[in-house]
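Remember, it's 1-based here, ligands and their atoms both numbered in the order they're listed. The shown structure was predicted, so the numbers you read here are calculated from the model rather than taken from an experiment. Because only heavy atoms are used, hydrogens play no part in the values below, and waters and symmetry mates are left out as well, while side chains stay in.
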Amino acid sequence: MSRIDDVTAWEVLDSRGNPTVRVAVESGGERGVFTVPAGASTGTHEAVERRDGGDRYRGRGVTDAVAAVTDEIAPLVEGRDVFDQRGLDAAIEELDGTRSLSRLGANAVLGVSGAALRTASACAGQPLYRYLATEYGVDGTDEEGRLPVPMINVISGGLHARGGIEIQDFLVIPHGRDSIRGCLEVAWDVRQAVRDWLLDEGHRPLVADEGGFAPPLDGIDEAFELLVDAIETAGHVPGEECSLAVDVAATHFYDSATERYEIESLGRSFTPEAFGDLVVRWTEAFPLVSVEDPLAEDDWTGWRRLRGRIGDGVQVLGDDLLVTDVDRLDRAVDAGAANAVLVKPNQAGTVTRAVDVVHRALDRDVAPVVSARSGETCDATIADLAVGLGAGQIKIGSLARSERLAKYNRLLEIERFGDPEPPSVSAAAFGPE
Ligand code: PGA
Ligand code: ZN
């Protein structure tokens with residue numbers, strides 16, 4: 001038992017320069033700090049972050065969320081046991097009174113929940129990943145957890161790049177290596193090959209919100225071809241040492257009035273069925289092993305159809321569909337709509353909810369992929385979360401921008417100084433049994 005002595009919150013700026021909530025929790029002479037990330041392509045069913053509105057920061061300020069921490073949550077949790085994460089999170093949820101945590105603000109709630117977790121690990125005298133592995137680890141991983149296979153953004157589009165192609169991320173999965181160090185070397189080679197191509201073509205190598213390049217491209221196929229060429233140029237075998245993944249983020253070009261997917265870069269719109277056919281074609285034409293949000297967040301029929309067609313060897317990965325929510329995950333498994341789930345703590349709203357989604361996923365043979373948001377800080381908690389829970393995979397963004405590298409560097413630190421199991425594709429839906 002270690003009582004929480006103090007909870008403080010304040011407003012800081014994230015990687016897009018937008019305000020976000022930072023919280024410090026003190027207990028037993030230890031102080032844990034957590035900073036809440038923010039999405040741009042958020043799902044309708046996510047926990048709801050609280051923004052001030054008004055003129056300041058064009059309405060994006062978080063002073064109300066900060067006040068919710070200091071005025072309402074702090075008096076509730078001060079004096080409670082910092083090790084009782086589940087009890088703490090449940091009490092804050094009850095105080096909020098809404099499922100979406102919109103009253104206090106999910107950013108206020110997660111700020112406290114995450115900072116309490118960090119303080120608890122400090123009070124236990126454990127690095128965070130080991131504390132998580134000990135408290136919440138699953139069978140099959142030891143008390144040092146397991147390093148995740150990273151999926152690494154190389155080309156960005158959609159709402160993260162604006163003006164490019166509609167697909168939000170084209171990523172590589174360097175699954176032929178059994179260390180974070182090796183995975184990063186492969187992804188770095190591929191990223192540099194893309195950068196060389198950009199410079200040869202006379203494009204500027206500017207990066208989008210998650211550090212991916214956003215060159216002018218003729219269309220979606222050109223992005224896939226560019227990446228396959230880059231893997232080969234880098235001296236790796238596409239599909240063997242390094243495969244491709246996409247985050248289609250399809251909700252954002254789905255028009256619910258017409259029930260069509262609008263792809264301007266192809267100059268046409270698609271019915272849900274035809275768009276599913278297009279995704280299937282990509283998996284046949286390219287070494288594509290993971291498709292995230294290939295269909296809109298409530299197109300359950302389309303998801304089920306697609307999962308039935310490609311779901312044996314390809315990850316059908318739910319982000320906006322599942323929003324790190326146990327009930328939606330259960331629904332998707334029952335319906336056969338997805339075989340992998342993105343895990344974003346701020347979609348869930350508490351550490352407990354995020355941990356429960358990872359556990360439920362592993363119980364139901366769904367591959368969890370711990371994920372950053374497009375708006376991040378150098379807070380690296382999710383690196384420890386992925387290792388400690390033995391989630392198997394992680395998605396952080398590209399090998400650029402310090403808010404991304406903070407997490408990769410944390411994985412390298414854990415690999416260097418800890419003793420977790422190595423990254424393994426058997427933990428992924430596309431890997432061998
Ligand atoms: P977001 O994007 O953080 O802007 O939601 C990340 C994702 O869609 O995976
Ligand atoms: Zn996504």
Side-chain angles (χ1 to χ4, degrees), residues 14-18 20 35-49 51 60 106-107 110 148 150-162 164-173 207-212 214 244-254 261 279 288 290-299 303 306 315-325 328-329 332 337-349 354 357 367-377 379 381-382 385-386 391 393-398 400-401 403-404 407:
D14 71 11
S15 55
R16 276 190 280 255
N18 291 333
T20 191
T35 311
V36 179
S41 70
T42 48
T44 310
H45 307 288
E46 295 191 18
V48 175
E49 61 178 20
R51 300 269 172 195
R60 295 195 189 110
N107 41 356
L110 182 68
M151 57 170 77
I152 300 172
N153 181 319
V154 179
I155 296 174
S156 294
L159 294 178
H160 294 171
R162 305 274 176 182
I165 37 185
E166 288 82 358
I167 310 300
Q168 184 168 287
D169 308 335
F170 291 85
L171 311 98
V172 292
I173 303 182
V207 299
D209 286 359
E210 295 195 7
L244 302 182
V246 281
D247 180 1
V248 182
T251 303
H252 303 282
F253 51 81
Y254 178 67
Y261 291 85
V279 174
L288 178 62
S290 179
V291 291
E292 178 180 333
D293 285 354
L295 294 152
E297 62 194 352
D298 288 308
D299 186 358
W303 277 85
L306 187 66
Q315 280 192 155
V316 181
L317 171 57
D319 173 11
D320 291 352
L321 178 79
L322 303 179
V323 292
T324 318
D325 180 80
R328 288 182 74 91
L329 174 62
N339 60 10
V341 55
L342 216 66
V343 179
K344 293 169 163 172
N346 81 320
Q347 274 181 335
V357 166
V369 181
V370 172
S371 172
R373 300 306 304 240
S374 52
E376 276 286 338
T377 64
D379 189 306
T381 302
I382 58 161
L385 192 72
Q393 294 175 78
I394 195 165
K395 178 186 172 218
I396 297 165
S398 199
R401 302 181 56 135
E403 79 279 7
R404 312 288 144 195
K407 282 93 167 154

**Request:** Using non-hydrogen atoms of the residue, decide whether Ala249 is closer than 4.0 angstrom to ligand 1.
**Result:** no
**Heavy-atom nearest neighbour in the protein, as seen from atom 2 (O) of ligand 1, with distance rounded to 0.1 Å** = His160 CE1, 3.1 Å
**Request:** Please lay out, stage by stage, how His252 and Asp293 fare under the test side-chain hydrogen bond (donor to acceptor under 3.5 Å, both in side chains).
**Result:** CA-CA 10 Å; His252 303 282; Asp293 285 354; over 6 Å; no
**Taking atom 3 (O) of ligand 1 as the reference point, the nearest protein heavy atom with its distance** = Ser374 N, 2.7 Å
**Asked** Are the side chains of Leu110 and Pro345 in touch, meaning some heavy atoms are under 4.5 Å apart?
**Response** yes
**Prompt:** Do you know which N/O/S atom name in Asp247 is closest to the Zn ion (ligand 2)?
**Reply:** OD2
**Prompt:** Parallel, tilted or perpendicular: which describes the rings of Tyr261 and Phe253, with under 30° parallel and over 60° perpendicular?
**Reply:** perpendicular
**Any His45 side-chain heavy atom under 4.5 Å of Asp325 side chain** = no
**Asked** Thr20 versus Glu49: any side-chain heavy-atom pair under 4.5 Å?
**Response** no
**Prompt:** Is Glu376 salt-bridged to Arg401, going by a charged N under 4.0 Å from an acidic O?
**Reply:** no
**Prompt:** Does any N/O atom on Glu46 come nearer than 3.5 Å to any N/O atom on ligand 1?
**Reply:** no
**Message:** Using a 4.0 Å cutoff against the non-hydrogen atoms of Asp319, which atoms of ligand 1 qualify?
**Reply:** 7 (C), 8 (O), 9 (O)
**Complete:** Value for CZ (Arg60) from CG (Asp14), rounded to nearest 0.5 Å, stands at 9.5 Å
**Complete:** Rounded to the nearest 0.5 Å, the OG atom of Ser156 sits from the CG atom of Asp169 at a distance of 5.5 Å
**Asked** Can we say Glu46 and Arg373 salt-bridge, meaning some charged N sits less than 4.0 Å from an Asp/Glu carboxylate O?
**Response** yes
**Asked** Taking just the N, O or S atoms of Glu292, which one is nearest to the Zn ion (ligand 2)?
**Response** OE2
**Complete:** Looking only at non-hydrogen atoms, the one of Glu210, Gln347, Glu292, Arg373 nearest atom 5 (O) of ligand 1 is Arg373
**Atom indices of ligand 1 within 4.0 angstrom of Asp247 heavy atoms, with elements** = 7 (C), 8 (O), 9 (O)
**Complete:** ligand 1 to Gly39, heavy atom cutoff 4.0 Å, flagged ligand atoms 1 (P), 3 (O), 4 (O), 5 (O)
**Item:** Any Leu159 heavy atom less than 4.0 Å from ligand 1
**Value:** no
**Message:** Quick test: of every protein heavy atom, which one is nearest to atom 8 (O) of ligand 1, and how far off is it to 0.1 Å?
**Reply:** Gln168 NE2, 2.8 Å
**Asked** Roughly how far, to the nearest 0.5 Å, is the CG atom of Leu295 from the CG atom of Asp320?
**Response** 12.0 Å
**Asked** Tell me, which protein residue and heavy-atom name are nearest atom 9 (O) of ligand 1, and how many Å apart are they?
**Response** Lys395 NZ, 2.6 Å
**Request:** Classify the contact between Leu342 and ligand 1 as side chain, backbone, both or neither, using a heavy-atom distance cut-off of under 4.0 Å.
**Result:** side chain
**Asked** Of the protein's non-hydrogen atoms, which lies at the shortest distance from atom 7 (C) of ligand 1, and what is that distance?
**Response** Lys344 NZ, 3.1 Å
**Residue pair Thr381 / Asp379, side-chain donor-acceptor N/O under 3.5 Å** = yes
**Message:** If you consider just the N/O/S atoms, which atom of Asp319 is the closest one to the Zn ion (ligand 2)?
**Reply:** OD2
**Prompt:** Does Gly375 reach ligand 1 with a nitrogen or oxygen that is under 3.5 Å from one of the ligand's nitrogen or oxygen atoms?
**Reply:** no
